[in-house]
2 protein chains.
Amino acid sequence: MLSKKTKYAIKALVVLGKNTDKPPMQISKIAEEERIPKKFLEQILLDLRNAGFLYSKKGAGGGYSLNKDPKDIYLVSIMRITDGPIAMVPCASLNFYHKCDECHQETTCGIRSVFVDVRDATLKILSETSIADIIARENTLITSL
Amino acid sequence: MLSKKTKYAIKALVVLGKNTDKPPMQISKIAEEERIPKKFLEQILLDLRNAGFLYSKKGAGGGYSLNKDPKDIYLVSIMRITDGPIAMVPCASLNFYHKCDECHQETTCGIRSVFVDVRDATLKILSETSIADIIARENTLITSL
DNA sequence: TATATTCTATACGGAAATAATAGACTTTAA
DNA sequence: TTAAAGTCTATTATTTCCGTATAGAATATA
């Protein structure tokens, strides 16, 4: 399951992605609009900032804005920051690999073999879908109502 | 992440899938062979039995055996018993649907839209891969060493 | 029929992860 | 100088996962 942290991160980035031509947006405003606990959101935005996705400005009139084009922020990157691995088993993870506790024959493990395929299928989607795509999808969905 | 419960379930089914022509196998033996905590495995096998995948026999000489052909036991079914939903967001789940806490506009949610695609990609693999396939994959991997 | 063997069922407890909150500090605009 | 922001770390609360315990029911076989 996606953590709330990840969902909040994506939602915040979507809001900021619609705000690119305006002055930076305050945490409080994002939290309010998306109904995210403010203090929790602070932590999340900080992580995204430290990973280079956000620009922040302190003091009066400060706030957050995207540091990249929404087209260049992919879900896979966000998820790796907030949730960590994409794969469903640690032994199939590209960026967060470690051996499974239970496993003692990784090279011949049939479970691993299947979940490498699952990882690849998931990864293909998540690494092709950007914040801009999410916004576009929402616009399409709204139009088709 | 896959729970240990699910991994243990798959491993137990694989062991039983290699044992189809022999008398039922005791929990203790499966637990020993696969190094699974026995009491935990009892619960898991019980769930699989109640779902119709296993046949069990009490008393001396009793034990567990598969109630279906290994070709007809798909990973998706096992996972739904042990872990529940396949989708990464509850609002995208086919068998365990419920609204996300945070969400108030499900029909136009871009996150949901993407994770429906992820679910479909995952589901395709998991509903095509059976216990027999896992065994076959392991044999292939062993041969190619 | 007695007994050991094996599965059945439910309840419990600790550990880890997740979610949220708190408070003190830093920077900046006006 | 002060109010408005973000920064950073610690702490608490909640939930889920993993494993254990215990009592019970069914069955083979001696």
Side-chain angles (χ1 to χ4, degrees), chain A residues 1-9 11-12 16 23-32 34-67 79 81-85 88-90 96 98 100-102, chain B residues 1-9 11-12 16 23-32 34-67 79 81-85 88-90 96 98 100-102:
Chain A
M1 282 283 168
L2 270 203
S3 65
K4 291 198 177 183
K5 190 174 177 182
T6 296
K7 288 188 209 169
Y8 292 158
K11 289 188 174 200
L16 292 172
M25 201 168 169
Q26 290 78 27
I27 297 175
S28 321
K29 193 173 176 200
I30 303 172
E32 217 174 282
E34 296 299 317
R35 301 180 197 171
I36 301 171
K38 188 191 161 195
K39 282 304 225 173
F40 194 20
L41 183 60
E42 281 184 9
Q43 292 177 349
I44 296 166
L45 295 182
L46 207 50
D47 287 343
L48 294 172
R49 186 201 99 99
N50 291 335
F53 291 96
L54 296 179
Y55 163 83
S56 68
K57 197 179 174 187
K58 289 184 183 177
Y64 277 103
S65 49
L66 292 190
N67 203 22
M79 289 176 61
I81 291 165
T82 51
D83 272 356
M88 296 179 77
V89 285
F96 297 87
H98 67 89
C100 293
D101 295 342
E102 325 79 47
Chain B
M1 282 281 168
L2 269 203
S3 65
K4 292 199 177 183
K5 188 173 180 185
T6 297
K7 289 188 208 170
Y8 292 158
K11 288 188 175 200
L16 291 172
M25 202 167 169
Q26 290 78 25
I27 297 175
S28 318
K29 193 173 176 201
I30 303 172
E32 217 174 282
E34 295 299 318
R35 300 180 198 172
I36 301 171
K38 188 190 161 196
K39 283 305 219 170
F40 195 19
L41 183 60
E42 281 184 9
Q43 292 178 348
I44 296 165
L45 295 182
L46 206 51
D47 287 344
L48 294 172
R49 187 202 100 98
N50 291 335
F53 292 97
L54 297 178
Y55 163 84
S56 67
K57 198 179 174 185
K58 289 182 181 178
Y64 276 104
S65 50
L66 292 189
N67 203 23
M79 288 176 62
I81 292 165
T82 52
D83 271 356
M88 296 179 79
V89 285
F96 297 87
H98 67 90
C100 294
D101 296 342
E102 325 80 48

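Labels below follow one simple rule: chain letters A, B, ... track the order of the sequence lines, proteins then strands, and each chain is numbered from 1. Everything numeric here is computed off the predicted structure, so don't read it as measured data.
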Review point. Does the side chain of Lys11(A) reach to within under 4.5 Å of the side chain of Glu34(A), using non-hydrogen atoms?
Key: yes

Study note, to complete from the structure: note: Leu2(B), atom CG; dC18(D), atom C1'; distance rounded to Å ~ 15 Å

**Study point:** CE on Met88(B) to CG on Leu2(A), rounded to 0.5 Å
**Key:** 4.5 Å

Exercise for review: For the residue pair Pro85(B) and Met1(A), establish whether any side-chain heavy-atom pair is separated by less than 4.5 Å.
Suggested key: yes

Review point. Does Lys29(B) put a side-chain nitrogen or oxygen below 4.0 Å from OP1 or OP2 of dT6(C)?
Key: no

Study note, to complete from the structure: Expected list for residues 35-46 of chain B near DNA chain D, using heavy atoms below 4.0 Å, is Pro37(B), Lys39(B), Phe40(B), Gln43(B)

Exercise for review: Identify which nucleotide among dC7(C), dA29(C), dT7(D) has an atom closest to any side-chain atom of Ser56(B), counting heavy atoms from C-beta outward.
Suggested key: dC7(C)

Check your understanding: Taking CG from Asp47(A) and P from dC8(D), how many angstroms apart are they, rounded to a whole number?
Key -> 11 Å

Practice item. Round to a whole Å and report the spacing from CD of Glu102(B) to P of dA19(C). Key: 9 Å

Point to revise | Side-chain N,O (Tyr8(A)) to OP1/OP2 (dA20(C)) below 4.0 Å | key: yes

Review point. Across the strands shown, which category fits Met25(B) at heavy-atom distances under 4.0 angstrom: base, sugar-phosphate, nothing?
Key: sugar-phosphate

Exercise for review: Applying ring pair (Phe, Tyr, Trp, His ring centres under 6.0 Å), run through Tyr8(B) and Phe40(B) and close with a yes or a no.
Suggested key: CA-CA 9 Å; Tyr8(B) 292 158; Phe40(B) 195 19; 5.8 Å; yes

Exercise for review: Flag the pair Glu32(B) and Lys29(B) as a salt bridge only when some basic side-chain nitrogen lies within less than 4.0 angstrom of an acidic carboxylate oxygen.
Suggested key: no

**Study point:** Asp101(A) and Lys4(B) ion-paired at < 4.0 Å
**Key:** yes

Exercise for review: Let me know the distance between CE of Met88(B) and C1' of dT18(C), rounded to the nearest Å.
Suggested key: 15 Å

**Study point:** Any Asn50(B) side-chain nitrogen or oxygen under 4.0 Å from OP1 or OP2 of dT8(C)
**Key:** no

Study note, to complete from the structure: When Lys58(B) and Asp83(A) are each assigned the nearest nucleotide of DNA chain C, the 5'-most assignment goes to Lys58(B)

Exercise for review: For dA19(C), take OP1 and OP2 only and decide whether either is under 4.0 Å from a side-chain N or O of Lys5(A).
Suggested key: no

Revision key, fill the gap. Closest to the 5' end of DNA chain D, once Lys4(B) and Gly62(A) are matched to their nearest nucleotides, is Gly62(A)

Exercise for review: Answer whether the closest heavy-atom distance between the side chains of Lys7(B) and Cys100(A) falls below 4.5 Å.
Suggested key: yes

With the criterion being N/O to N/O and under 3.5 Å, what pairs connect the protein with nucleotides 13-16 of chain C, and how long is each?
none

Check your understanding: Atom OH of Tyr55(A) to atom C1' of dA5(D): distance rounded to whole Å?
Key -> 12 Å

Review point. Between dT7(D) and Arg49(A), is there an OP1 or OP2 to side-chain N/O distance shorter than 4.0 Å?
Key: yes

Point to revise | CA sep, side-chain torsions, deciding dist, call: Ile27(A), Tyr64(A), side chain to side chain contact (heavy atoms under 4.5 Å, CB included) | key: CA-CA 7 Å; Ile27(A) 297 175; Tyr64(A) 277 103; 3.7 Å; yes

Review point. What do you reckon, is CD of Glu102(B) surrounded by more than 12 foreign heavy atoms closer than 6.0 Å?
Key: yes

Exercise for review: Let me know the distance between OH of Tyr64(A) and C1' of dT27(C), rounded to the nearest Å.
Suggested key: 13 Å

**Study point:** Leu48(B): which of Leu16(B), Asn67(B), Leu54(B) passes side-chain contact (heavy atoms from CB on, under 4.5 Å)
**Key:** Leu54(B)

Review point. Given atom CD of Gln26(B) and atom P of dT8(C), what is their separation to the nearest angstrom?
Key: 13 Å

Exercise for review: Report the distance from atom CG of Leu16(B) to atom P of dC7(C), rounded to the nearest whole Å.
Suggested key: 11 Å

